[in-house]
Undergrad: 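I have a structure here, written as structure tokens, and I will follow up with some questions on it.
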Amino acid sequence: MRKVRFDPLRPPTPSLRACDHVGCEESGEFRAPKSPAHLNDYYWFCLPHIREYNKNWDFYRGMSIKEVEASRVSDVTWNRPSWPVGSWKTLLDKLHTLDSLDPFLSIDSLSPALPKEVRQACKALNLPSLVTLEELKKCYKELVKRHHPDLQGGDKKAEERLKEINVSYRILKQYLTENFPR
């Protein structure tokens with residue numbers, strides 16, 4: 001058996017197919033998928049019959065509304081899985097965990113334009129930068145619960161830390177309400 005060599009300059013010889021429409025004797029030059037489930041399996045039609053087939057083609061026929069919506073959403077990412085990337089804050093938090101590994105990665109997220117007492121208050125509350133008033137309250141409540149002396153068995157260090165947290169909270173709250181009114 002002799003191998004057929006591929007010649008890129010010679011056009012391929014068209015394969016002569018009959019139109020798949022019942023009763024049609026013309027050649028089937030145009031392909032159409034047989035069903036949405038089998039998009040790589042084709043019927044071959046002549047021009048008038050492919051036009052008729054295309055007018056009646058409905059990819060979503062037989063699907064529920066949920067299946068149609070799932071298909072539409074999946075088509076947005078070319079049927080590949082995708083995950084939420086996260087926000088810039090998550091990225092910055094990850095960078096802060098690397099600070100101790102490489103001195104070139106150290107980032108001082110607190111602007112030097114902030115007053116010294118505000119920067120110290122942010123550091124005391126373990127805040128990477130200025131936050132909203134709601135985030136400040138959430139952080140404050142969490143730290144108060146963690147360092148409350150009653151939960152620490154009357155520990156003096158916990159009591160001093162709680163005082164530091166209260167002072168820092170008052171400083172930041174005052175700064176935020178004065179400079180960022182609602």
Undergrad: Could you tell me which residues satisfy salt bridge (Lys or Arg N to Asp or Glu O under 4.0 Å) with E67, sequence neighbours excluded, listed by chain and number?
TA: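 Partners of E67 by the salt bridge (Lys or Arg N to Asp or Glu O under 4.0 Å) criterion come out as none, since no residue qualifies.
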Undergrad: What pairs with D75 under salt bridge (Lys or Arg N to Asp or Glu O under 4.0 Å), at least two apart in sequence or on another chain?
TA: none
Undergrad: Enumerate the residue pairs fulfilling side-chain hydrogen bond (donor to acceptor under 3.5 Å, both in side chains) with a member in residues 36-45, sequence neighbours excluded, ordered by first and then second residue.
TA: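 Listed by first then second residue: nothing to list.
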Undergrad: What pairs with E26 under side chain to side chain donor-acceptor pair (under 3.5 Å), at least two apart in sequence or on another chain?
TA: none
Undergrad: ring-ring contact (aromatic ring centres under 6.0 Å, His included): which pairs involve residues 120-151, sequence neighbours left out?
TA: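 Non-adjacent pairs meeting ring-ring contact (aromatic ring centres under 6.0 Å, His included): Y140-Y169.
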Undergrad: Looking at K34, I want to see if its NZ is surrounded by more than 12 non-hydrogen atoms of other residues, nucleotides or ligands under 6.0 Å.
TA: yes
Undergrad: If the condition is side chain to side chain donor-acceptor pair (under 3.5 Å), which residues does S71 pass it with, not counting sequence neighbours?
TA: none
Undergrad: Taking T177 for its side chain and K173 for its backbone only, find out whether a donor-acceptor pair lies under 3.5 Å.
TA: yes
Undergrad: Under the ring-ring contact (aromatic ring centres under 6.0 Å, His included) rule, collect the residues that match up with F30, sequence neighbours excluded.
TA: none
Undergrad: Do other residues, nucleotides or ligands put more than 12 heavy atoms under 6.0 Å from L39 CG?
TA: yes
Undergrad: Below 4.5 Å, heavy atoms only, C-beta onward: do C139 and V131 meet side chain to side chain?
TA: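 Not touching, per the 4.5 Å side-chain cut-off.
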Undergrad: Is the backbone N or O of T132 less than 3.5 Å from a side-chain atom of E135, with the two atoms forming a donor-acceptor pair by type?
TA: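 Yes, the answer is positive, given that a donor and an acceptor are paired below the 3.5 Å cut-off.
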Undergrad: In chain order, what residues pass the side-chain contact (heavy atoms from CB on, under 4.5 Å) check against K141, with sequence neighbours excluded?
TA: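 Checked K141 against side-chain contact (heavy atoms from CB on, under 4.5 Å); zero matches.
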Undergrad: Nearest 0.5 angstrom please: L176 CG to E134 CD, how far?
TA: 10.0 Å
Undergrad: Can you find a pair of side-chain heavy atoms, one from K163 and one from N166, that are under 4.5 Å apart?
TA: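 A side-chain contact is absent here, since even the closest heavy-atom pair is not under 4.5 Å.
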Undergrad: Output all residues satisfying side-chain contact (heavy atoms from CB on, under 4.5 Å) with K157, sequence neighbours left out; order by chain, then residue number.
TA: D155
Undergrad: Side-chain donor-acceptor pairs under 3.5 Å in residues 47-63, sequence neighbours left out?
TA:
unit_1 : atom_1 : unit_2 : atom_2 : d
H49    : NE2    : H21    : ND1    : 3.4
Y53    : OH     : P33    : O      : 2.6
N54    : ND2    : I50    : O      : 3.4
N56    : ND2    : E52    : O      : 3.2
D58    : OD1    : Y60    : N      : 3.2
R61    : NH2    : N56    : O      : 2.8

Undergrad: For E69, give me all partners under salt bridge (Lys or Arg N to Asp or Glu O under 4.0 Å), at least two apart in sequence or on another chain.
TA: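 Salt bridge (Lys or Arg N to Asp or Glu O under 4.0 Å) list for E69, sorted by chain: R72.
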Undergrad: I would like to know whether Q120 and K123 meet side chain to side chain contact (heavy atoms under 4.5 Å, CB included); could you show each step before the answer?
TA: CA-CA 5 Å; Q120 288 174 344; K123 287 181 182 177; 5.7 Å; no
Undergrad: Tell me whether S168 contacts the main-chain N or O of I165 through its side chain, where contact means a donor paired with an acceptor under 3.5 Å.
TA: no
Undergrad: Can you confirm whether C46 sits close enough to C24 that some side-chain heavy atom of one is under 4.5 Å from a side-chain heavy atom of the other?
TA: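 Yes - at least one pair of side-chain heavy atoms lies under 4.5 Å apart.
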Undergrad: Go through the structure and list residues passing salt bridge (Lys or Arg N to Asp or Glu O under 4.0 Å) with E142, not counting sequence neighbours.
TA: R146
Undergrad: Are L136 and L127 side-chain neighbours, meaning at least one heavy-atom pair lies under 4.5 Å?
TA: yes
Undergrad: Nearest 0.5 Å, please: how far is CG in L143 from CG in N126?
TA: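 Nearest 0.5 Å value for the CG-CG distance: 6.5 Å.
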